[in-house]
Amino acid sequence: MAETFIPRSDFLKVLSERGFIHQCSDYQGLDDKARKGELIAYIGFDCTASSLHVGSLLPIMMLRWLQKTGGKPVPLMGGGTTRVGDPSGKDESRKILTLDDIENNKNGIKQVFSHFLTFGDGKHDAIMPDNAEWLTKLNYIDFLRDVGRHFSVNRMLAMDSVKMRIDRDQELSFLEFNYMCLQSYDFVELNRRYGCILQMGGSDQWGNIVTGVDLGRRMGTEQLYALTTPLLTTASGAKMGKTAAGAVWLNADMLSVYDYWQFWRNTEDRDVGRFLKLFTELPMDEIAKLESLGGSEINEAKKILATEATAMLHGREKAEKAAETARVTFEQGQTSTDLPTITLTQAQLSQRIGVLTAFVEAGLVASTGEARRQIKGGGLRLNDEVVQDDKLLIEASHQDQNGVIKLSLGKKKHVLLTFA
RNA sequence: GGGGGAAUGUCCCGAGCGGCAAAGGGGGCGGACUGUAAAUCCGCUGGCUACGCCUUCGCAGGUUCGAGUCCUGCUUCCCCCA
């Protein structure tokens, strides 16, 4: 952010010292607004998957801080815009989702927000509109006359998201080309309906957001503002939120609390401080202490990061439990009964189960072929013993005193088998 | 409308004189080293009832003992000329 600008509002002060800010259309103007009264701000969320992943956490945290500093957060469901598809930052058009998919995705995504925001009818309570409410009612000719006339195709062509596609000779359909018009219109609509004056988002949204600010001016709203976050990558340059098993989902039914905790626990050293600021609410001086830890002591900071971040999403109790499970598993080398568990039948056990099948059932490997290869590479363990023989049969004698069998892939991934 | 290219292992990029489960990267996973980190080194990276069988190179046919590789038609994308 602008070096010369020193924010005075609580909202911008927090965001800037924690590293949330990449660009703002008018720091001073926004700061003044935030100081004067209640700031109403929105962030749009596309309904392209049935859960958000950690990549969306940054914007969600901004809404949370907004609420904590006296503003009113408006997470906007993109039920309408998702039917069009945002071309920003993508070099190929996305598959067109069916309305059913979008509706299902929306329901999945909604759940997450209640963990981070307080909803209700109060002044500072969050509200969650869906842009399908107004976008699907638009009449084409009316929209062109009232809104479309304010858009300059010349300028739209110059925008990064569009230009990139054109420069690379990649198809950009008229449908997608309209996305920014709809997003811009959302901003105006949210201003009219709720008095929302700020739109936030990732840095890839900058173009779409300022286009909305501009549209507001032309359509006679009060002054609107744009604020974006930096694109979040790990210190080694990887995109945030992708792991082997896929995305780091926020919904517990798609990624267990324990795995979520593990995701944060495995943060690179260099990222610990940055992540503590962005994804926890620990005070800055405490974070400063944690990030100054050197060598292996930084692991303590990682555990705190993991527990704090997990507590915010899944609750303190579950987070502590995940931390304890990890402690028992990694630091004492014991089998915690709270590790992810798969239940098979007693009948299956009595007929004995091939190791390969067992690891596939446990979800640790995708196929028996992969299990075979992992065995060759020494990557599979049964009750902490390296599996040598791919013909090994698992039977009752492998159960511990609690009737549990532990399967591991590598050193970090463990699944327990129980029998009912 | 005419001419010329391209589509490869369902993560991506990308080689491939008719014998190919298909070179090489990237990414990912596993191993070693560590601190559940990074860097580095090594291995693996179609499926299965597994010394065998099955399915893969845009789609559909054809030639051949044998086709990713040759021929025909189709689809999609790119380039040049109109």
Side-chain angles (χ1 to χ4, degrees), chain A residues 49 53 90-95 165-173 233-248 258-276 290-307 309-310 322-336 339-340 351-382 384-393 407-415:
Chain A
H53 54 83
K90 296 177 192 70
D91 40 15
E92 270 171 23
S93 13
R94 188 141 46 187
K95 241 188 272 143
R165 288 280 191 90
I166 292 177
D167 287 351
R168 295 194 195 166
D169 281 315
Q170 280 157 341
E171 174 74 9
L172 175 69
S173 70
T233 54
T234 68
S236 19
K239 255 188 209 153
M240 204 43 202
K242 295 281 177 186
T243 65
V248 179
Y258 173 76
D259 287 331
Y260 189 75
W261 191 93
Q262 281 296 325
F263 166 75
W264 293 106
R265 173 64 183 83
N266 285 298
T267 298
E268 291 181 31
D269 287 7
R270 290 178 290 172
D271 288 326
V272 171
R274 198 158 54 101
F275 287 2
L276 280 166
L290 290 171
E291 70 179 325
S292 69
L293 292 173
S296 62
E297 289 189 345
I298 193 107
N299 283 324
E300 292 310 310
K302 291 185 191 180
K303 287 180 210 164
I304 292 170
L305 168 64
T307 302
T310 305
E324 176 59 15
T325 302
R327 198 185 63 76
V328 170
T329 306
F330 287 94
E331 292 174 27
Q332 300 186 341
Q334 293 175 1
T335 301
S336 165
L339 286 167
Q351 285 164 34
R352 303 194 289 184
I353 307 157
V355 249
L356 302 177
T357 318
F359 275 92
V360 173
E361 290 278 336
L364 287 168
V365 293
S367 65
T368 58
E370 190 188 335
R372 231 176 268 271
R373 280 181 236 119
Q374 288 293 2
I375 288 174
K376 225 173 270 174
L380 298 189
R381 279 175 298 157
L382 167 63
D384 298 317
E385 298 276 330
V386 175
V387 178
Q388 312 272 4
D389 177 12
D390 58 16
K391 293 201 184 65
L392 183 72
L393 292 171
L407 301 181
S408 314
L409 166 66
K411 297 204 178 73
K412 296 186 193 173
K413 281 163 238 154
H414 311 281
V415 169

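Within every chain, numbering begins at 1; the chains are lettered A, B, ... in the order of the sequence lines, protein sequences first and strands thereafter.
Between S367(A) and C48(B), a side-chain N or O to OP1/OP2 separation shorter than 4.0 Å is present. The shortest distance between the side-chain N/O atoms of R373(A) and the OP1/OP2 oxygens of A50(B) is not below 4.0 Å. At the phosphate of U49(B), neither OP1 nor OP2 sits under 4.0 Å from any side-chain N or O atom of T357(A). The shortest distance between the side-chain N/O atoms of K391(A) and the OP1/OP2 oxygens of C51(B) is not below 4.0 Å.
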Subject >> Verdict with supporting geometry, T329(A) and H414(A), side-chain contact (heavy atoms from CB on, under 4.5 Å) >> reply: CA-CA 9 Å; T329(A) 306; H414(A) 311 281; 3.6 Å; yes

**OP:** Test side-chain contact (heavy atoms from CB on, under 4.5 Å) on I353(A) and L393(A) and set out the steps.
**Re:** CA-CA 5 Å; I353(A) 307 157; L393(A) 292 171; over 6 Å; no

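Classification of R270(A) and E291(A) as a salt-bridged pair fails, no side-chain N sitting under 4.0 Å from a carboxylate O.
Atom C1' of nucleotide C51(B) and atom CZ of R372(A) are separated by 12 Å, given to the nearest angstrom. The separation between E370(A) atom CD and G30(B) atom C1' is 9 Å, rounded to whole Å. Atoms CD (E300(A)) and P (U36(B)) sit 11 Å apart, rounded to a whole Å. If you take CG of L364(A) and P of U45(B), they are 20 Å apart, rounded to a whole angstrom. One can place CZ of R274(A) at 19 Å from P of A37(B), the figure rounded to the nearest angstrom. Atom CG in N266(A) sits roughly 10 Å away from atom P in C29(B) (whole-Å rounding). D390(A) places its CG atom 15 Å from the C1' atom of C44(B), with the value rounded to the nearest Å. U36(B) atom P lies 9 Å from atom NZ of K303(A), rounded to whole Å.
Going from the P atom of U56(B) to that of A6(B) covers 24 Å, rounded to whole Å. Distance check on atom P: C59(B) versus U76(B) gives 15 Å, rounded to whole Å. If you take atom C1' in U8(B) and the same atom in C57(B), they sit 4 Å apart, rounded to whole Å. Comparing the same atom, C1', in G61(B) and in G16(B) gives a spacing of 24 Å after rounding to whole Å. Taking atom P in both G46(B) and U10(B), one finds a spacing of 7 Å when rounded to whole Å. Between A7(B) and G14(B), the two C1' atoms lie 13 Å apart (nearest whole Å). When the P atom is used for both G3(B) and C74(B), the distance is 13 Å, rounded to whole Å. The P atoms of G25(B) and C41(B) are separated by 13 Å, rounded to the nearest whole Å.
By the neighbour-count criterion of 12 heavy atoms within 6.0 Å, atom CD of E385(A) is sparsely surrounded, having that number or fewer from other residues, nucleotides or ligands.
Closest contact between the side chain of K411(A) and the listed nucleotides A32(B), G47(B), A50(B) involves A32(B). When the nucleotides U45(B), C29(B), C48(B) are ranked by their closest atom to the side chain of K413(A), C29(B) comes out on top. Checked against C48(B), U36(B), A37(B), the side chain of Q262(A) finds its nearest nucleotide in U36(B). Checking A38(B), C48(B), G35(B) against the side-chain heavy atoms of R270(A) singles out A38(B) as nearest. When each of C29(B), U36(B), G35(B) is scored by its nearest atom to the side-chain atoms of R265(A), the top-ranked nucleotide is U36(B). When distances run from any side-chain atom of E268(A) to the nucleotides A37(B), C29(B), A50(B), the shortest one goes to A37(B).
Within the shown strands, C71(B) is the pairing partner of G61(B) under the Watson-Crick or G-U definition, both distances less than 3.5 Å. For A6(B), the paired base is U76(B) (Watson-Crick or G-U wobble, both distances below 3.5 Å). Across all strands shown, G27(B) forms a Watson-Crick or G-U wobble pair, both distances under 3.5 Å, with U45(B).
Looking only at atom types and distance, the side chain of T310(A) has no donor-acceptor partner in the side chain of W264(A) under 3.5 Å away. Under 3.5 Å, the side chains of N266(A) and K302(A) contain no donor-acceptor pair of N or O atoms.
Near RNA chain B, meaning a heavy atom under 4.0 Å away, the residues from residues 374-382 of chain A are Q374(A), G377(A), G378(A), G379(A).
Among the atoms of the strands shown, base atoms are found under 4.0 Å from some heavy atom of T368(A).
Separating the CG atom in L382(A) from the OG atom in S408(A) is a distance of 8.5 Å, to the nearest 0.5 Å. A distance of 11.5 Å separates NZ in K413(A) from CZ in R381(A), rounded to the nearest 0.5 Å.
Nearest-nucleotide positions on RNA chain B for A326(A) and L356(A) put A326(A) closer to the 5' end. For G295(A) and G410(A), each mapped to the nucleotide of RNA chain B holding its nearest heavy atom, the one lying further toward the 5' end belongs to G410(A).
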Could you go through residues 365-377 of chain A and list every donor-acceptor pair under 3.5 Å that involves a side-chain atom there, pairing it with any protein atom two or more places apart or in another chain?
unit_1  : atom_1 : unit_2  : atom_2 : d
S367(A) : OG     : G369(A) : N      : 3.4
S367(A) : OG     : E370(A) : N      : 3.0
E370(A) : OE1    : A366(A) : N      : 3.0

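Syn is the classification of C20(B), since its glycosidic angle stays within 90° of 0.
Between the side chain of S296(A) and the base of A37(B), no donor-acceptor pair under 3.5 Å is found.
If you run side-chain contact (heavy atoms from CB on, under 4.5 Å) between L290(A) and each of L305(A), I298(A), L276(A), only L276(A) comes through.
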